[in-house]
Amino acid sequence: MMSMAAPIGRSIKSSSDLDATEAAFTPKTKMVWIETPTNPLLKVVDIAAVARIGKARGAIVCVDNTFATPVLQNPLSLGADIVSHSCTKYIGGHSDVIGGVLITNSDELGERLHYIQNAVGAISAPWDCFLLLRSTKTLHVRVQRHCENAAKIADFLAQQSQIERVIYPGRTDHPQHEVAKKQMRGGYGGMITATLKGGLPAARNFLERVQLFSLAESLGGVESLIEHPAIMTHASIDKPLREALGISDGLVRFSVGIEDVDDLIADIAEALG
């Protein structure tokens, strides 16, 4: 999504639509903010293309890279000015620390961000810094396992009669698969979205039956999580808008962990029953 602070900003349904992204600019637009892959529909945005559009209009381009992690995607090398990560997720990786980071390769932006950080006091505690530094040592290994597990589970889900649709950037049926191939390397992440036939009752029954996937809103940890966007993370969005965005009542989001993939698949199969 592209958004700027009201009242001078506009948001668009999907920044994977480059024409819509360009049309959303106003004379007052100062920043383009995109997320790729997006949450929870895993749309993939062409970072290099958006960066070219933004720079042609004199706007700063920021990318939320949380789902991809630095292991799979490097927006700064694709033209972005600032990269954002929720370190609580994959970078932390163990569901035991809360944090965030903004990264830039611009000296000017770096000085501005440092000034704001110093003035506001957004400084992590020493223990939190220790936990995050600890986790960076295993990030590449964890991400590799997340990707391997997610790819196998996505293919399994796509073969199940109870599943209406599977969304995973690594599958060739993903609408932006070619973009993902171009800008992601080594895998396509550990997040999967799937729509169950039967709407909310079917989704609720499935969520109640899984055993290894814990029902929780977070993501990116070593343990597998599952959640229902319509009644959890995106419940504050009015239903007509949710449905217009593609977040149906049958939609569930998997954060695939690093457990044995055969155990995870067996858990899903049993829950689908």
Side-chain angles (χ1 to χ4, degrees), residues 35 37-43 66-67 69 86 88-90 92-98 142-143 145-171 173-174 187-273:
E35 176 185 45
T38 65
N39 181 25
L41 296 176
L42 303 180
K43 295 178 181 179
T66 298
F67 274 23
T69 81
S86 172
T88 309
K89 311 302 193 298
Y90 286 103
H94 295 77
S95 306
D96 57 5
V97 63
I98 295 175
R142 289 186 284 109
V143 169
R145 183 62 173 262
H146 285 298
C147 293
E148 292 172 354
N149 283 0
K152 292 177 181 177
I153 290 173
D155 288 342
F156 171 79
L157 288 168
Q159 298 170 2
Q160 307 310 302
S161 60
Q162 304 94 325
I163 302 295
E164 182 177 308
R165 184 188 182 197
V166 176
I167 306 174
Y168 183 66
R171 287 180 53 82
D173 57 4
H174 188 284
Y188 299 94
M191 304 300 297
I192 305 170
T193 298
T195 304
L196 277 76
K197 297 176 182 177
L200 182 57
R204 188 185 297 276
N205 181 62
F206 176 67
L207 294 172
E208 290 174 349
R209 288 170 59 90
V210 289
Q211 298 294 317
L212 298 183
F213 285 84
S214 298
L215 183 64
E217 290 190 357
S218 192
L219 59 100
V222 293
E223 65 283 319
S224 291
L225 304 180
I226 193 168
E227 68 106 0
H228 190 279
I231 60 176
M232 294 173 69
T233 52
H234 294 69
S236 61
I237 302 174
D238 291 337
K239 185 173 181 178
L241 178 55
R242 278 203 315 267
E243 293 181 342
L245 292 171
I247 305 173
S248 67
D249 285 347
L251 192 80
V252 295
R253 191 194 72 182
F254 300 80
S255 174
V256 179
I258 67 171
E259 304 95 336
D260 183 89
V261 71
D262 291 333
D263 287 346
L264 294 175
I265 288 175
D267 186 37
I268 293 171
E270 176 68 23
L272 288 173

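Everything numeric here is computed off the predicted structure, so don't read it as measured data. Hydrogens, waters and symmetry mates are skipped; everything else that's a heavy atom, side chains included, is used. One-based numbering along the sequence shown.
Distance check, rounded to the nearest 0.5 Å: OG of Ser224 to CG of Asp267 gives 8.5 Å. Note: Leu219 CG to Ser255 OG = 5.0 Å, rounded to the nearest 0.5 Å. Interatomic distance, Arg142 CZ to Cys147 SG, rounded to the nearest 0.5 Å: 12.0 Å. Atom OG1 of Thr193 is separated from atom NE2 of His174 by 8.5 Å, given to the nearest 0.5 angstrom. Going from atom CG of Asn205 over to atom CG of Leu272 covers 9.5 Å, rounded to the nearest 0.5 Å. Put simply, CD1 on Ile265 and CG on Leu212 are 11.5 Å apart, with the number rounded to the nearest 0.5 Å.
Dense packing is recorded around CZ of Arg145, with more than 12 heavy atoms of other residues, nucleotides or ligands lying under 6.0 Å away. Other residues, nucleotides and ligands place no more than 12 heavy atoms under 6.0 Å from the CD atom of Glu270.
Annotation: side chain of His234 is not in contact with side chain of Leu245 (no heavy-atom distance under 4.5 Å). In this structure, the side chains of Leu42 and Tyr188 stay at 4.5 Å or more apart for every pair of heavy atoms. In this structure the side chain of Pro37 never reaches within 4.5 angstrom of the side chain of Lys43, judged on heavy atoms. Taking the side chain as every heavy atom from C-beta outward, Gln160 and Ile268 never approach each other to under 4.5 Å. Side-chain contact between Pro229 and Glu227: present, with at least one pair of heavy atoms (C-beta onward) separated by less than 4.5 Å. Counting heavy atoms from C-beta outward, Tyr168 and Ile153 have side chains that stay 4.5 Å or more apart. By the 4.5 Å heavy-atom criterion applied to side chains, Pro40 and Leu251 are counted as neighbours.
Looking at every heavy atom in both residues, Ile226 comes nearest to Phe254 through CD1-CE2, 3.5 Å. The shortest heavy-atom contact between Glu259 and Asn149 is O-ND2, 2.9 Å. The shortest heavy-atom contact between Ala154 and Arg171 is CB-CD, 4.0 Å. Smallest separation of non-hydrogen atoms from Val97 and Gly92: CG1-CA, 4.2 Å. Nearest heavy atoms, Leu41 versus Gly246: CD2-O, 3.7 Å. Residues Thr88 and Ile98 share a closest heavy-atom pair of OG1-CA, 3.4 Å.
The backbone N or O of Gly250 lies less than 3.5 Å from no partner atom in the side chain of Thr195, so there is not a single donor-acceptor pair. Looking at Arg253, its side chain never comes within 3.5 Å of a backbone N or O of Met191 through a donor-acceptor pair. Between the side chain of Thr66 and the backbone N or O of Ser86 there is at least one donor-acceptor pair closer than 3.5 Å.
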For Tyr90 and His146: C-alpha separation, side-chain torsions, deciding distance, then whether ring pair (Phe, Tyr, Trp, His ring centres under 6.0 Å) applies.
CA-CA 10 Å; Tyr90 286 103; His146 285 298; 5.1 Å; yes
Going through the checks in order, is the side chain to side chain contact (heavy atoms under 4.5 Å, CB included) test met by Ile163 and Leu196?
CA-CA 5 Å; Ile163 302 295; Leu196 277 76; 3.9 Å; yes
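Ionic pairing of Glu164 and Lys197 is not present here: no N-O contact between side-chain nitrogen and carboxylate oxygen is shorter than 4.0 angstrom.
Listed by first and then second residue, the salt bridge (Lys or Arg N to Asp or Glu O under 4.0 Å) pairs that reach into residues 228-244 are Lys239-Glu243, Lys239-Asp249, sequence neighbours excluded.
Side-chain contact check for Ser214 and Glu223: no donor-acceptor pair (N or O, by modelled atom type) lies under 3.5 Å.
Results of the side chain to side chain contact (heavy atoms under 4.5 Å, CB included) test with Lys152 over Leu157, Val256, Val261 single out Val261 as the only residue that passes.
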